[in-house]
Every structure is written in structure tokens, then in C-alpha cells.
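FYI, side chains are in, hydrogens and waters are out, and symmetry mates aren't considered; it's all heavy atoms of this structure. Each chain gets a letter, A, B and so on, in the order the sequences are listed, and its residues count up from 1.
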Amino acid sequence: MRASLVAYVTRMPLLTSAPRVRFAPSPTGYLHVGGARTALFNWLFARKYHGQFLLRIEDTDKARSTDESTRAIFEGLTWLGLDWDEEVVYQAQGLAQHQRDARLLLDRGHAYRCFCTAAELDAQRKAAGARGDSFRYDRRCDRLAPDEVQRRVDAGDPFVLRFRVPNGTTSWDDVVHGPIAFPNKDIEDFVILRSDGTPIYNMAVVSDDIAMAISLVMRGDDHISNTPKQILLYDALGHALPRFAHVPMIHGLDGKKLSKRHGATAVADYRNEGILPSAMVNFLALLGWSPGGDREVMALDEMIALFSTDGLQKKAAVFDTKKLEWMNGQHLSLTPSTALEPRVTPDLVASGLASAEDLSAKHVWYLSLIDLLKVRARTVHDIVRQAAPYFPGPLSYDEDAVAKQWKDRAAAHDVLSSVRKCLSELTDWQTTPMEEALRTLAETRGVAAGKIFQPLRLALTGMTVSPGIFDVLVTMGRELALRRIDDAVRYLEVDQHLLT
RNA sequence: GGCGGUAUCGUCUAGGGGACCAGGACGGAGCCCUCUCAAGGCUCAAACACGGGUUCGAAUCCCGUUACCGCUACCA
């Protein structure tokens, strides 16, 4: 009772009103899986507590930002099913507000002009490094006499605005880490406005988060050391603090921050590799979050219901593509063929197996084909790869399969010929009569059923692996199936002549 | 170097003083099912970083050590 009351009270700031969270990527590449996961956690939180999930594009670095990247971020989020509320905010458009806030800080005595040049600072840093000391700006410009400052301003000397870090300690109660404290003496008087008048990251972020009325800042834990600076800015601006939640990073198999050399890092890469968005989102959610207990395979709405910041992990997680593929296999099996169809069709058409018109003409059959193949597929590509035999085009036989199943060509020819005869006599092209007929055939020939099924499987699919042989036969249809057997028989004949 | 963060099977994690010779999942090994491959079912191997405390009792709380990660720009 007491404990739950305490838990309730500490959670109050999160729940007193509808929370407003944001995802704030910089458009300098593609939507990274790490960013996608941060977005997901924010989205889940907003949806769970009926708040707003906002999107802010941090495009202040004009040299690196591109419209293409911005589009990729929109597309990635949309593909994952993460919709955002209100208009997208572009940080560059907040410039005037950032400058007003920085100016306010100067006017209120929380910031001062610094005339030190980048080159001078660089030299000081190097000198400190050479002595083995750690460098921190020595506040020399804060000691300039007022008339001297005025003189240099009038002279047109370039200057930056530095924040005057007060004495004391800056701390906050992080939603995932608990209390974190930084002694202010370790924080240097950081720049808030460049000499060209543009804001530095921490200034812009705080200014924007205030303007957007963000109540919970949830971001990667690489921002932990930015947080005390931002808190100082909120205080100096006289604005109440949001809550902060720092979620862990995603690493590659080698324990290092996930990067290009670990393979695919963009969510678009996984879409191209045949991963379902539902699987991607499920997998990402479990990287750094757990609903508690043994729950693993979940849909987005189940995750919303189960989401809680209590389940957030402090430790960095390793991105394991093996588990992603397994997860995708699970989602493939669980997703009805009607929902899979729009995803499979373009790939199937691109592979040249069928046209979109063909597929819609035999829609019911097509859906049953997807249902047949999805169970043993781990990606959408697996489905397409396995689909070929069921379409009328020519088949090529897998070399190893031929060596194994049709090793004795004469015998294979014989088996397939009798199978062909046996099947062609069937009046009802259904599993039960087929199975009866073929098993009887095996019996009369005195061989195990598998000795017939395997050569037949190769004739029908060109491979040694496929769904159950009767499912293959039924799905393929009488005409195509018999034709494939004929082709195999002919192949075996021709080959024998060539050999003799 | 300074500051901050983190530490449970190879990986994702459950657990939050006794219910734990630590549970689930991926991956691995094996068995069952079986016409093959998947799926599914069952079984096995596999972890509390280390050292000190506190306590009747520690994976859980405290301290230290180690390792790893992040930050340390007029980048974001």
C-alpha cells in the first residue's frame, strides 16, 4: 500500500497531463535502427498515455542535412507504423527563437561574450594535452572589463556567446537510470551561440523542447552528458524541467556501437531484405525493453498495452540478426495471407513469375499458395524463391538434388513414369485419393513411400525440400503437375541417350 | 587523462533480500513427429565480472577493483 503510493507519487509528473514526447533525428543519412527504436519507445509511451508523439527534424547542420534523408526518415517511420502528431518541426526554422533565448540569457547575465578564436582555443587545448592536463575554458573573456567588451563589440570583433555555468551540482532523476549528478565544476562554460549567430546544439534543443512543450525527453544515453548543460539552460531561462529518460544504445555483435561495418543499419535495408514491419518493430522493442515475464511475439497494439518505462533496460543491447530472422518467421506465420499479399506481389512480379493481373485472376489460389509457403519462410524473399515451381515457367533442377535423387537414372525414369500413369488415372485431384494411389504404388513396387516421394518432389519443384508432396501436387494443379513429371521423364530419357 | 554510465548463459532478457543448485527466447546439440525442409513438441550444454562488506540469509543492498560504452568542438 505504502509502496504503491510512493510509486504513484513519483510517477505523477509523467501522468498529471497528457505527455508530449518527441523524436528528433538529424537528416544526415537514413533512419538508423537505433533511431527507429528510440522513436518506437517514444511512440509507445505517447500512445500508452494518450499523449502526443512529435517529430522534429534537426536540420541545423546545413552541410550534412538533405531532403532525401528527411524523406527517408518519414518513410521509415511510416513503414514501421509509427505515426506522429501535429506538424513536423524543422529546427532550422526555429532560428529566431533560439537567438531570442540566447539573447535573453545574455541580458539576464547567464551568458557572456567570448572573443577567443577557434585557433586560440585549439592552441590552449593542445598545450593542456601536452602537459597531460584536461582542458576546460578558463573564462578569461568573462573577466573582461565592460568597457573593453563594448570597445571590441564596436570594433566589430567576432564573438560567441558562452553560458556562465554556476557553482553547485546539477542532477536529475532519470526515468531509466535513477538519480544522476554532475558537479558543475566539471562543466565548462559552453558555447550557446556561434560567432555567426547560429545556436549550438544544446541551445537549440532546449529552446525547441520548451517551445514544443515537451514533458518527457526520451533519447539515447549518449546524451547523458548533454543533460546537465540542458538543465542549466532550462533553469537560466526560468522554465520548468521536463523529465528525462535515457535509453541504452544498440551495439553490433562485437560490442561496439552499431555501424555500417556491422552490415545493415538502416531500417530500409531490412525492408528490402524481406523483413515485415511488424517483426522489425517487435524485435526492436525487445532490444532494451521487456514487458516482464516471457512475452516475446507481440503486435504493436499489444506493445502499447504492455509498455512501461519500468521495463526499460540500462545496458546496451547487441543487434542479433539471427533473432530478427526468427522473429520475422514468426510474424510471417502469424500474418494472414491477405495481409501478406500486398507485400509479396511486387516481389513476385519483379521476379517475372507472374503479372499482377495473373495473380488477381487466380486470387484464391494465390492466397492458398502464400499460406502454403509462409510457414517455412523467414523472409518475404523465401516465399518468392519457393513460389517458382507453382507457376507455369520452366524449371531447373538443383544439381545436388539430381545427383542424390535421380542417381540411378533408369530407376528414376521408371518410378516417375509409373507415378505419372498412376496420377493421370485419378478422377479426383485431391490429397486423399492421391495419397492412397501413391502409397499403393509404393507397396506394389515393394519400396518405401519416400523412395517415390523424393524423386517426384524433385520432378515437381526442382528441389529436395518443399511442402508436403500432396500439398504441392494439389496446389500445383493437375495440368502443371503432370507436365512437370513429363518434363522430368523426358529429361531423364535425353540424358540417358547422351550418356550411352 | 577528466567526467558520466553499465555489468545475469555466445546473444536478447526474467528476477529487485529467502519462492533460484537462477526461468524464458534466439543460436547450438540431440530426440519425437515425418515423404523432404520448415513449423511444432520434448531433452541437453550454457550465466549472476571480481574482491570485500551489511545480513540468520545476497544475483538482488553498500564499497572498492576490473572491463566495456558514452561525452570531453564555434558537430548533432
message = Run R445(A) and V415(A) through side chain to side chain contact (heavy atoms under 4.5 Å, CB included) and show every step you take.
response = CA-CA 9 Å; R445(A) 294 180 65 98; V415(A) 166; 3.7 Å; yes
task = Go through the steps to decide whether D235(A) and L241(A) satisfy the test side chain to side chain contact (heavy atoms under 4.5 Å, CB included), and finish with yes or no.
result = CA-CA 8 Å; D235(A) 287 347; L241(A) 252 37; 3.9 Å; yes
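Rounded to whole Å, the distance from NZ on K314(A) to C1' on rG15(B) is 13 Å. The distance from atom CG of L460(A) to atom C1' of rC35(B) is 12 Å, rounded to the nearest whole Å. At whole-Å resolution of the value, CD1 in I57(A) and P in rA76(B) are 15 Å apart. Summarising the geometry, the separation between CZ on R295(A) and P on rU13(B) is reported as 17 Å, rounded to the nearest angstrom. Atom CG in D222(A) sits roughly 15 Å away from atom P in rG5(B) (whole-Å rounding). Taking atom CG of N184(A) as the reference point, atom C1' of rG2(B) lies 16 Å away to the nearest angstrom. Taking atom CG on N226(A) and atom P on rA73(B), their separation rounds to 11 Å, with Å as the unit. Rounded to an integer number of Å, the gap from CG of L438(A) to C1' of rU36(B) is 15 Å.
Nucleotide rA49(B) has rU65(B) as its partner under the Watson-Crick or G-U criteria, with both atom distances under 3.5 Å. The partner of rG18(B), taking Watson-Crick or G-U wobble pairs whose two distances both stay under 3.5 Å, is rC56(B). Under the Watson-Crick or G-U wobble criterion, with both distances below 3.5 Å, rG1(B) is paired with rU72(B). Base pairing annotation: rC44(B) forms a Watson-Crick or G-U wobble pair with rG28(B), both donor-acceptor distances under 3.5 Å. Base pairing of rU36(B): no nucleotide in any strand meets the Watson-Crick or G-U wobble criterion (both distances under 3.5 Å).
Of the candidates rC37(B), rA7(B), rG2(B), rA7(B) carries the atom nearest the K315(A) side chain, counting heavy atoms from C-beta on. Comparing atom distances between the S225(A) side chain and each of rG27(B), rC71(B), rC69(B) picks out rC71(B) as nearest. Distance from the side chain of E296(A) is smallest to rC12(B) among rC12(B), rC74(B), rC69(B). Among the nucleotides rG27(B), rC74(B), rA25(B), the one closest to any side-chain atom of R378(A) is rG27(B). In this structure, of rC74(B), rA76(B), rA38(B), it is rA76(B) that holds the atom nearest to the side chain of Y201(A). The listed nucleotides are rC35(B), rA14(B), rC74(B); the one nearest the side chain of S290(A) is rA14(B). For S195(A), counting side-chain heavy atoms from C-beta on, the closest listed nucleotide (rC35(B), rC74(B), rU6(B)) is rC74(B). Comparing atom distances between the I200(A) side chain and each of rU13(B), rG27(B), rA76(B) picks out rA76(B) as nearest. In this structure, the nucleotide among rC26(B), rG5(B), rC35(B) sitting nearest to the side chain of H177(A) is rG5(B). Among rG23(B), rU11(B), rC35(B), the nucleotide with an atom closest to any side-chain atom of D294(A) is rG23(B).
Taking the ring centre of Y137(A) as origin, the terminal cationic atom of R162(A) falls inside the region bounded by 6.0 Å and 45° from the ring axis.
Between S466(A) and the choices R376(A), R457(A), Q386(A), the side chain to side chain donor-acceptor pair (under 3.5 Å) rule is met once, by R457(A).
For the 3.5 Å distance criterion, the side chains of N202(A) and Q230(A) qualify, holding a donor opposite an acceptor. Side-chain atoms of H246(A) and D222(A) include no donor-acceptor pair closer than 3.5 Å. There is a side-chain donor-acceptor pair under 3.5 Å between D189(A) and Y112(A). A donor-acceptor pair shorter than 3.5 Å cannot be found between the side chains of H32(A) and T265(A).
By the 4.0 Å N-to-carboxylate-O rule, K322(A) lies too far from D320(A) to be salt-bridged with it. Between R152(A) and D157(A) there is a salt bridge, with a side-chain nitrogen of the basic residue lying less than 4.0 Å from a carboxylate oxygen of the acidic one.
Using a 4.0 Å cut-off, no side-chain N or O of R162(A) falls inside it from OP1 or OP2 of rA73(B). For Q330(A) and rG40(B), the shortest distance from a side-chain N or O to OP1 or OP2 is below 4.0 Å. Side-chain nitrogen and oxygen atoms of R136(A) include none within less than 4.0 Å of the OP1 or OP2 phosphate oxygen of rA73(B).
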N/O to N/O distances under 3.5 Å, protein versus nucleotides 48-50 of chain B:
none

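Heavy-atom nearest nucleotides on RNA chain B were determined for L324(A) and for I469(A), and the one closer to the 5' end corresponds to L324(A). Where T60(A) and W289(A) meet RNA chain B, the nucleotide closest to each residue was compared, and W289(A) sits on the side nearer the 5' end.
A181(A) comes within contact range of the sugar-phosphate backbone alone, with a heavy-atom separation under 4.0 Å but no base atom that close. Residue-level contact check: G288(A) touches the backbone only, with heavy atoms under 4.0 Å from sugar-phosphate atoms and none from bases.
Rounded to whole Å, the C1' atom of rA22(B) lies 26 Å from the corresponding atom of rG64(B).
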